[in-house]
There are 2 protein chains.
Amino acid sequence: MVETLARQRCCMSAQEICDASAKRGGRVGIASVYRALELLEGEGLVQRVEVGQGGARYEPVVPGGEHHHHAVCERCGRLTPFEDPALERAIHRLGSRLGHEIRAHDVLIKGECGRCMRARG
Amino acid sequence: MVETLARQRCCMSAQEICDASAKRGGRVGIASVYRALELLEGEGLVQRVEVGQGGARYEPVVPGGEHHHHAVCERCGRLTPFEDPALERAIHRLGSRLGHEIRAHDVLIKGECGRCMRARG
DNA sequence: GTACTTGCAAATACTTTGCAGGTAT
DNA sequence: ATACCTGCAAAGTATTTGCAAGTAC
């Protein structure tokens, strides 16, 4: 059941995970969702993403695989995932220069999304 | 007085700003701090930084000047600011590729800080 | 006085914890 | 029976809002 939670692709809030699980038959309390997320995050299977809209979101970590970041639209709130090798390279190069381990990193871009730009000016 | 808040250099929590202001004579309620931060953030004079430790932090934005990001130590919680031109370049290049405006961006590095690495293994 | 700002206290939102009941071993 | 997992409800923290009082014009 804990597995069910992490099966969603995109990042979701704890509440969304709870609701989504409920819809597919598995009734879960919000407390259990948080408890499961805490465990999964500890195992490195889920990562917490903060998009500055009150409330964290969580998304599964693909074990050895792709790695993306998020762009959040300041107008509609839509979250767009993206990946960029040059960005990753820049961050990993930082490791040697900085006297700080880079166990994980997160990049958040804020601005208007393409959809809103097209819809308005 | 609103100015007093943003005069601190590093990023602080709302509560820290409140306490710091109180110490230098200006008694401010936490509510006013949040109200001022909201305004200043709207004006682009202050930016909210989320380091995933429950509670946002805020720091003044140097108008045309330097721009840094943060590395947070997973062991001691210490926050280390850093800047990296290559990283900035990578992000700005992203702008053209991504169908998303880049009005602001944030990079957070998580890992053990130099001090902790030296103190332990 | 009218308009605006402020701090306090109450209200909210999100997350964590205590606990009693249920399941597995 | 023991150990573990669960949901509910209570407790906590962070942030926002309502409001009456204070200040500026």
Side-chain angles (χ1 to χ4, degrees), chain A residues 1-8 10-61 70 72 74 76-77 79 104 106 108 110, chain B residues 1-8 10-61 70 72 74 76-77 79 104 106 108 110:
Chain A
M1 187 230 68
V2 151
E3 300 302 321
T4 309
L5 301 178
R7 195 158 300 151
Q8 337 286 329
C10 57
C11 66
M12 330 172 66
S13 70
Q15 190 59 63
E16 285 168 353
I17 293 171
C18 186
D19 296 347
S21 279
K23 272 184 194 161
R24 52 181 70 191
R27 62 273 164 49
V28 236
I30 187 76
S32 297
V33 171
Y34 280 111
R35 278 188 279 236
L37 286 172
E38 185 187 344
L39 280 175
L40 290 169
E41 196 185 354
E43 297 294 315
L45 298 173
V46 156
Q47 88 176 309
R48 180 193 211 111
V49 178
E50 316 225 23
V51 290
Q53 290 171 159
R57 304 183 74 76
Y58 300 84
E59 68 183 3
V61 172
H70 302 91
V72 57
E74 289 180 319
C76 71
L79 218 52
D106 230 333
L108 181 65
K110 289 173 266 190
Chain B
M1 187 228 74
V2 151
E3 302 301 320
T4 310
L5 301 178
R7 196 159 300 151
Q8 337 286 330
C10 57
C11 67
M12 328 173 68
S13 70
Q15 190 60 61
E16 284 167 351
I17 292 171
C18 185
D19 295 348
S21 280
K23 273 183 194 161
R24 52 179 72 191
R27 61 277 166 47
V28 237
I30 187 75
S32 297
V33 172
Y34 280 112
R35 278 189 280 235
L37 287 171
E38 186 187 343
L39 279 175
L40 291 168
E41 197 186 353
E43 297 294 314
L45 298 173
V46 156
Q47 87 175 309
R48 182 193 210 112
V49 178
E50 316 225 24
V51 291
Q53 292 172 157
R57 303 183 76 77
Y58 299 83
E59 71 183 0
V61 172
H70 302 91
V72 57
E74 289 179 319
C76 70
L79 217 53
D106 230 334
L108 181 65
K110 289 173 267 190

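Worth saying up front: this structure is predicted, and the values here are computed from it rather than measured. Convention: sequence-line order gives letters A, B, ...; per-chain numbering from 1.
- A:L79 places a side-chain heavy atom less than 4.5 Å from the side chain of A:C11.
- In this structure, the CG atom of B:L37 is 15 Å from the C1' atom of C:dT6, given to the nearest Å.
- In this structure, A:L37 and A:A14 approach most closely via the heavy-atom pair CD1-CB, 4.4 Å.
- Separation of atoms CD (A:E38) and OH (A:Y58) is listed at 9.0 Å; rounding is to 0.5 Å.
- B:I30 CD1 to B:S13 OG: the interatomic distance, rounded to the nearest 0.5 Å, is 7.5 Å.
- Between the CD atom of A:E38 and the P atom of C:dT15 there is a distance of 13 Å, given to the nearest Å.
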Please tabulate the protein-to-nucleotide N/O contacts below 3.5 Å involving nucleotides 10-15 of chain D, giving atom names and distances.
residue : atom : partner : partner atom : Å
D:dT15  : OP1  : B:A56   : N            : 3.0
D:dT15  : OP2  : B:Y34   : OH           : 2.4
D:dT15  : O5'  : B:Y34   : OH           : 3.1

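- Comparing D:dA9, D:dT6, D:dT17 by their closest approach to the side chain of B:A31 singles out D:dT17.
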Anything under 3.5 Å between a donor and an acceptor, one on a side chain of residues 40-53 of chain B, the other on a protein residue two or more places apart or in another chain? List them.
residue : atom : partner : partner atom : Å
B:Q47   : NE2  : B:E59   : OE2          : 3.3
B:E50   : OE2  : A:G52   : N            : 3.2

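- Under the salt bridge (Lys or Arg N to Asp or Glu O under 4.0 Å) criterion, A:E74 pairs with B:R103, not counting sequence neighbours.
- One can place CZ of A:R27 at 10 Å from P of D:dT6, the figure rounded to the nearest angstrom.
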